[in-house]
Amino acid sequence: MILITTEELHSNITLQNVLPTQGQAKELPIATNGQIFPWDRMRLPKTISPLHYDLTIHPNLTTLNFTGVVRIQLDVLEDTSTIILHAKQMQISGALLLAPDGVKPLQVLEYPRFHQLSLLSDSVLTKGRKYEVQLVFAANLSDSFHGFYKSSYRTSTGEVRVLASTQFEATFARGAFPCFDEPAFKANFTVRIIREPRHIAVSNMPKVKTVELPGGLLEDHFDTTVKMSTYLLAYIVSDFQSVSKTTQHGVKITVYAVREKIDQTAFALDAAVKLLDFYDDYFDIPYPLPKQDLAAIPDFQSGAMENWGLTTYRETGLLFDPEKSSVSDKQGIAKVIAHELAHQWFGNLVTMEWWNDLWLNEGFAKFMEFISLDITYPELHVDDFFLGKCFEAMEVDSLSSSHPVSTPVENPTQIQEMFDDVSYDKGACILNMLRDFLTPEAFEIGIIRYLKRYSYQNTVNSHLWDSLTNVSDVCKWYSGDELDVKAIMDTWTLQEGFPLVTVEVRGREVWLSQERFLKTDDPSLIDGFLWQIPLTYMTSASNTIHRFLLKTKRDVLYLPEEVDWVKFNVDMSGYYMVHYAGEGWNSIIRLLQHNHTALTSNDRASLIHDIFQLVSIGKVRLDTALELSLYLSRETEVMAVTQGFGELVPLYKLMEKRDMAALENQMKGYIVDLFRELIDRQKWTDSGSVSERVLRSYLLLFACVRNYAPCVTKATQLFNKWKDSDGNMSLPVDITMAVFVIGARTPEGWDFLFEKYRHSLQMSVKSRMKHIQVIEKEMLILSSSICRMMEQSLHGEVMKTQDLPDVVVSVSKNPRGYKLAWDFLRTHWHTLIKKLVSPSLIYFSFLGYTVHIFTYKDVHNTVRNFFSSLTEETGSEMRCIQQTYETIEDNIRWMDTNLPLLQAWLNKHSHRAVHEDL
């Protein structure tokens, strides 16, 4: 590390106009060769912009490395003699400047800390002129899931086959070739891939020709891409097979998978055809490429990736077996495909300028999943499950360590942290709120205008709001001043958290107030927040949905007559919670107990969610929330039932960590009793609508896990028959989780399931078996076998490393296994970082699930001490670590406050139930 003064700075011509000149000593970046690196910022300078990349890549799937040559055409925006671009962990063996006056060598400096290269020219590159640079490079195929990486799979005969695939979002293209790896540096790409004849190569664009090379190699030439960001480039070298169809608009759709799983691609192919046609019509902008490929990659960390023209997926996100996959699998695959194809417009055609506005990509794609599937696959009932996304976002957004939807980020770790529930789910929920506020017609007009206006460009928040502002006159109900969409939505995107609206009915007056909903014992953190909230409400006197824009801390509404009850946030179209002060909650509870269908299932689910969340901040007593839960004995709708489970089950999960067996069992018994009639009505078949089938699977699994005798008896009978048939008997798909969880309770049953897992080619079946094998094992056989499973997943043996998060999460949910999961994470933290690249990915994959149910102060201290011991590179500064601390603190606070109330209420309820039976 060298310090240099301003005077010394000016003496080095390569640094002039590049490094800042301040009147004090400044720590300067040092290149790997000991020279001063002429750029000291994480973001690239804007002196040069790439126009076109000619990229030739030659992966060797035997030696597991690759070589390449890239020629980049440059547009010089300011006079400079220095070209700064990205490269990570690669050897640069030659750098040339191809200028109008000839070919010249460039000096190459490397600065690994920022993944940057500096190409130094002896002569000045002149503003307004075009130049080219050529770089020869080599690197190893990555053994993580990012950059240009190695994947493998095992055939049914046991042969291991290797392929190479890419995953460049967010900052990993620089690990595959030297480039300007920021989203605003859009360019065209012409790709050539050298391969062996036994492989195929695919990329974003169609192949235009194949050339034979000396030594028996082939070189595939691909057409030039449209103008796009580096993170959207993709290529795969594999022995995949494919199936194809053509859309109504003439786009060729092809699905790629390994040979033995190609028969599981039919649904994905049909869904992609239908969805791409839908988006083509909905956005009124033709899909600009001649083809769209979907590839199932055996090793893939995230769910899928929207590479333009070559979307990539986990095998579980694309492969569907009509005989063995569940309706939840089908729904999930449809959502993933809908998400990635929506990105072809939101994200690819129009791209956020920088990662601080990632939500413009991901929030829209998540939102469009539901819009598109509601029309193209109405039988999947995806709208029944949108609410759950908002609840998940609120869980994170209720912490002081949350972040605004649009928030400053700089380095790769901060960027990776943006891929969270706030960017995806909160982004989708505030878009849904805005659509409901403006009307769907006005919203659609606005987003089409946005896409057309900024095609092949980069955008920021305000570009979207400007596109929506002029269509807001369609919003007929609003009679106030001119509607300022930007002013409204800035309150939702530029500040973290969400509002709690308190409603108190006083005769015909409805008193309203807003504050931030925050799980904290520090009231000062709530101050200073104000939202413009599109309120909706209905009353006992009318089914009409009334609307009001709350812009101030307090306001008063006037009803035409006095009412028995009022329900705000109708269908939970708004991203806010509601507290009914005074007698408000009591009137809601009476309504639910006597006529719960007077409200929609979404309204009922939101009431369940809000009242239990309000308990955690002391606005509502726990016994009041539990009184509301009693109505669930008559509930039949999937969203309300699962939300009831979602609020009640965590209560006994907290007790499991404190060895409070009596109270824990009392709580479990209450939940079983609450849903007993609904459980008893479930058929052990695959009949009914998608929502009914999802609910059946959920209920029967819960009942068996909780040892409900009729369920255990039936599941045991079915498992024994299935096992006796060597797994050949066809089980109804909806009930397999319940059957497997009972079968896995014995060592023999567990071993049988494990062997079936090892040899199964059905990805959805493997996924279910993987979860089941760690849910119900007893402590005596849990430690050795489960630790072995986690170790095997870490090294990709039997279970792939991509599945390790699922294994660890499932272990942590076992009351006898959560300590094993936490110990495993601590022991292997640094290995996991190498595998998953970013510490934040470890958290979002499984750390949050593993530690969020800790309830002891000494365990909290252990967690804090562990993370405090890490360096910044290994995760000590991550926002999600603070979220972990807050969640554990909230658990401790909840337990200290509510355990006596819970015990008293359960005792009272048990006594009341006995008297009712008599």
Query raised in the report: Who pairs with Trp465 by ring pair (Phe, Tyr, Trp, His ring centres under 6.0 Å), at least two apart in sequence or on another chain?
Result: Trp359
Report summary line: Asp384 meets the side-chain contact (heavy atoms from CB on, under 4.5 Å) criterion, sequence neighbours left out, with His381, Val638, Ser691
**Report entry** Set of ring pair (Phe, Tyr, Trp, His ring centres under 6.0 Å) partners for Tyr282, sequence neighbours left out
**Finding:** Phe278
Query raised in the report: Who are the salt bridge (charged side-chain N to carboxylate O under 4.0 Å, His left out) partners of Glu392, not counting sequence neighbours?
Result: Lys389
Requested in this report: Check salt bridge (charged side-chain N to carboxylate O under 4.0 Å, His left out) between Glu515 and all other residues, then give those that pass, not counting sequence neighbours.
Outcome: Lys619
Query raised in the report: Does Glu647 have any salt bridge (charged side-chain N to carboxylate O under 4.0 Å, His left out) partners at least two apart in sequence or in another chain, and if so, which?
Result: none
**Report entry** Residues which pass side-chain contact (heavy atoms from CB on, under 4.5 Å) with Thr491, listed by chain and number, not counting sequence neighbours
**Finding:** Gln495, Trp531, Gln532
Report summary line: Sorted by chain and number, sequence neighbours left out, side-chain contact (heavy atoms from CB on, under 4.5 Å) with Arg506 holds for Glu504, Trp511
Query raised in the report: Is there any side-chain hydrogen bond (donor to acceptor under 3.5 Å, both in side chains) pair reaching into residues 555-570, and which pairs are they, with sequence neighbours excluded?
Result: Lys567-Asp603, Lys567-Ser606
**Report entry** ring pair (Phe, Tyr, Trp, His ring centres under 6.0 Å) involving His403 - partner list, sequence neighbours excluded
**Finding:** none
**Report entry** Partner residues of His463 under the ring pair (Phe, Tyr, Trp, His ring centres under 6.0 Å) criterion, sequence neighbours left out
**Finding:** Tyr454
Requested in this report: Using the ring pair (Phe, Tyr, Trp, His ring centres under 6.0 Å) rule, collect all pairs that involve residues 613-648, keeping only residues at least two apart or in two chains.
Outcome: His596-Tyr631, Phe645-Phe675, Phe645-Tyr698, Phe645-Phe702
